[in-house]
Amino acid sequence: MEIGTQHAAKLEPFLLMSKAAKGAAAAKLIQDATSAPGVFVFGELLEQPNIQELAGNEQHSRFYSLLQLFAYRTYADYIQHKESLPPLSDTQTTKLKQLTLVSLAQDSRILPYDELQRALDMPTVRELEDLIIDAIYLDIVRGKLDQKEGQFEVEYTMGRDLEPGKIEQLLASLQNWASTTAAVLATLDNKLAELSNRTVTSKTMKEEYDRVYQATLKEVVDKQKEARNANKTHVFPGRTGLTAAGKAELERQLQRERERERGKDNDNDENSMDVDEPAEGSKGKGRKPSTSDASLRQQRKRNRY
């Protein structure tokens, strides 16, 4: 159940009785309502015709003022106008102090103990904390007692009746709040739009960066491949894998090999001729070659090379 809603229901019996109560009975009804446990709202009772008649009754008008006191005023107002009001019982005094606590909680979230003691005329912190604890159990305020810091931290509070003429002030406050809220929301919308635009721009820039990076990377890789292919073609052209200089050197080596092979063949032929055709004047198989023949063969070998 929403905080404070049960208190309106507890006022219903007094509203029904007010329809028939007049004069002293209506004054007695006010005394009973302000003393009844759990009754903390009185606005509807104030609006009843029989109750409003008391305002013009010199004998009972102070009871009407008493009902106004409990509806939307505080304990300090009671002290200030005590002579023109009926005396309060202990129950009424405690309830008025609890209602004053509600009013103070509506104005500030943090209530120091010393300020509460002055406003509620509580001589000790222990009595003040007992009053606050009772108010929490009655579900007219919610919060936490901070004994270390000496303060009451308000979390939530019931609403009290509005004093005549305060509705316009409340509406003005609500309009200011609505205007401020609208301005804050507009600022937040602008910030969100700006962040959204930045996000889109950042995404576009990142995509462009990635595109350029990939293109540059591909270009570098392609150039590296071309350079490697060019080096391979220069060093190992064609199927032979030799450069032009290599080919020439190979040709020279082959030519020299061919010349050596021809020289060897010629030597073999000459040796055969020396054995099969002995020189003039030689007799017998064991004839040794002359010195002139050996010199001639050696000269031929030198000429080949």
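Only this structure's heavy atoms are used, side chains among them; waters, hydrogens and symmetry mates stay out. Counting begins at 1 with the first residue of the sequence.
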- For the student: nearest non-hydrogen atoms of S89 and S35, plus distance: OG-OG, 4.3 Å

- Begin from the C-alpha positions of E208 and T204 and carry the test side chain to side chain contact (heavy atoms under 4.5 Å, CB included) through to its verdict. CA-CA 6 Å; E208 179 63 17; T204 303; 5.6 Å; no

- So how far is it from L138 CG to K95 NZ, rounded to the nearest 0.5 Å? 9.0 Å

- Task: Mind listing the closest non-hydrogen atom pair of L85 and S65 along with its distance?
- Result: CD2-CB, 3.6 Å

- Message: Measuring only between side-chain heavy atoms, which start at C-beta, is L116 closer than 4.5 Å to I132?
- Response: yes

- Please check if L16 and F42 belong to a single hydrophobic cluster, counting links between Ile, Leu, Val, Met, Phe, Trp and Tyr side chain heavy atoms closer than 4.5 Å. no

- Query: In this structure, are over 12 heavy atoms from other groups packed under 6.0 Å from R198 atom CZ?
  - Reply: no

- Side chains of S202 and M205: does their closest heavy-atom pair fall under 4.5 Å? no

- Output, in order, the C-alpha distance, side-chain angles, deciding distance and verdict of side chain to side chain contact (heavy atoms under 4.5 Å, CB included) for I136 and F152. CA-CA 11 Å; I136 292 174; F152 176 54; 4.1 Å; yes

- Message: On a heavy-atom basis, which atom in G23 and which in L54 lie closest, and how many Å separate them?
- Response: O-CD2, 3.6 Å

- Verify, without hydrogens or angle tests, whether T100 (side chain) and Y75 (backbone) share a donor-acceptor contact under 3.5 angstrom. yes

- Do V221 and V212 share a hydrophobic cluster (ILVMFWY, side-chain heavy atoms under 4.5 Å, transitive)? no

- Option passing side chain to side chain contact (heavy atoms under 4.5 Å, CB included) with F70 (candidates V41, L45, L88, D161): L88

- Main-chain N/O of A193 paired with S196 side-chain donor or acceptor, under 3.5 Å: no

- Message: Can you tell me how the ring of Y213 sits relative to the ring of Y209, calling it parallel under 30°, perpendicular over 60° and tilted otherwise?
- Response: parallel

- Item | Close side-chain approach of R142 and T157, heavy atoms under 4.5 Å | no

- Taking all atoms of both residues into account, what is the closest heavy-atom pair of R160 and V102, and its distance? CG-CG1, 3.8 Å

- Task: Search all heavy atoms of L101 against all heavy atoms of A135 and return the closest pair with its distance.
- Result: CD2-CB, 4.0 Å

- d(D77 CG, K82 NZ) to nearest 0.5 Å is 14.0 Å

- Interatomic distance, L131 atom CG to M122 atom CE [nearest 0.5 angstrom]: 5.0 Å

- Check the hydrophobic clustering (I, L, V, M, F, W, Y; side-chain heavy atoms under 4.5 Å; chains of links allowed) and say if I110 and V141 are grouped together. no

- Query: If Ile, Leu, Val, Met, Phe, Trp and Tyr residues are connected whenever their side-chain heavy atoms lie under 4.5 Å apart, and connections chain through other members, are L145 and Y137 in the same group?
  - Reply: yes

- Message: Do V184 and L195 land in one hydrophobic cluster if side-chain heavy atoms of ILVMFWY residues count as linked below 4.5 Å?
- Response: no

- Before accepting this row, confirm whether a basic side-chain N of the pair K223/E226 lies closer than 4.0 Å to the acidic partner's carboxylate O. no

- Query: Under 4.5 Å between any side-chain heavy atoms of H81 and R73, yes or no?
  - Reply: no

- Any donor and acceptor pair, going by atom type alone, linking the side chain of Q117 with main-chain N or O of P112 inside 3.5 Å? no

- Query: Any luck finding a side-chain donor-acceptor pair between T34 and Q92 under 3.5 Å?
  - Reply: yes

- Using a cut-off of 6.0 Å, state whether more than 12 heavy atoms not belonging to R256 lie near its atom CZ. yes

- Taking atom types as modelled and ignoring hydrogens, do the side chains of D90 and T93 form a donor-acceptor contact shorter than 3.5 angstrom? no

- Do the non-hydrogen side-chain atoms of Q48 and N50 ever get within less than 4.5 Å of each other? no

- Does a side-chain heavy-atom distance below 4.5 Å link P86 with Q31? yes

- Minimum side-chain heavy-atom gap L96-L69 below 4.5 Å: yes

- Message: What I'd like to find out is whether the side chain of N197 reaches to under 4.5 Å of the side chain of E194, using heavy atoms alone.
- Response: no

- Query: Can L46 and Y64 be said to form a side chain to side chain contact (heavy atoms under 4.5 Å, CB included), step by step?
  - Reply: CA-CA 8 Å; L46 272 171; Y64 183 79; 3.6 Å; yes

- Gap separating the OH atom of Y113 from the CD atom of Q147, nearest 0.5 angstrom: 5.5 Å

- Salt bridge R62-E83, side-chain N to carboxylate O under 4.0 Å: no

- Message: For the CG atom of L162 and the CD atom of E168, what is their distance to the nearest 0.5 Å?
- Response: 10.0 Å

- Just how far is it from atom OG1 of T74 to atom NZ of K97, taken to the nearest 0.5 Å? 12.5 Å

- Quick one: closest heavy-atom pair of A21 and L29, and the distance? CB-CD2, 4.5 Å

- Query: Do the side-chain N and O atoms of Q255 and R252 include a donor-acceptor pair separated by under 3.5 angstrom?
  - Reply: no

- Message: If you count heavy atoms of other groups shown closer than 6.0 angstrom to CD of E207, is the number above 12?
- Response: yes

